[in-house]
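This one's a predicted model, so the numbers in the text were calculated from it and none came from an experiment. We count ligands from 1, going down the list as the structure has it; atoms in each ligand are counted the same way. Each residue takes its place number in the sequence, starting with 1.
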Amino acid sequence: WEQEEDVLRDLRLFLRGVTESLMVERRFKIFSKPVDIEEVPDYLMVIKKPMDLSTLLTNIDEHKYTTVGEFLEDAELIWKNALEYNPDSDPLDRHIRHRACALKDGIQTFIRDRLDRDFAKLCEEIKETR
Ligand SMILES: COC(=O)[C@H](Cc1ccco1)c1ccncc1
């Protein structure tokens, strides 16, 4: 019914807010586009499901997410993939892992500070009826 579509529209606005707040940070630039497979030929052998901030935005616009939890499952791939693909102790790997951890904390804090729990529950209830 119409009110449900209003809730899901608000969810998309909230999720774009999370994603865009991260995309504007220079330290997260490396996460804003898919890893270039030409630059990193073995990437898809190591990482089963690549993810990046621009793909999150596309998914939001394509109404892929009905709850914040579904969005977080994809958002978490960004930093988990970075930790998995860049595990070494050399400075470059340490640097991208540090940024991956900062991205994880940024997402969690944005949601803790800005997401209304009742709104989140309403989205979960809509998902159950579909
Ligand atoms: C999310 O980005 C990555 O995981 C790539 C992996 C990568 C390794 C070599 C080229 O690219 C990355 C890019 C730049 N600096 C660190 C790592």
Novice: Distance only, no hydrogens: is a donor on one side chain within 3.5 Å (strictly under) of an acceptor on the other, for R94 and H98?
Specialist: no
Novice: For the pair D52 (side chain) and S54 (backbone), establish whether a donor and an acceptor sit closer than 3.5 Å, ignoring hydrogens and angles.
Specialist: yes
Novice: Quick check on ligand 1: any N or O pairs to the protein under 3.5 Å? One line per pair.
Specialist:
{"residue": "ligand 1", "atom": "4 (O)", "partner": "N86", "partner atom": "ND2", "Å": "3.0"}

Novice: Where do L44 and K48 come nearest, in terms of heavy atoms and distance?
Specialist: O-NZ, 3.8 Å
Novice: Please check this pair: side chain of T109 against backbone of D105, looking for a donor-acceptor N/O pair closer than 3.5 Å.
Specialist: yes
Novice: Got a donor-acceptor contact below 3.5 angstrom from the K64 side chain to the D61 backbone?
Specialist: no
Novice: Which residue in the set L72, L8, L15 passes side-chain contact (heavy atoms from CB on, under 4.5 Å) when paired with Y65?
Specialist: L15
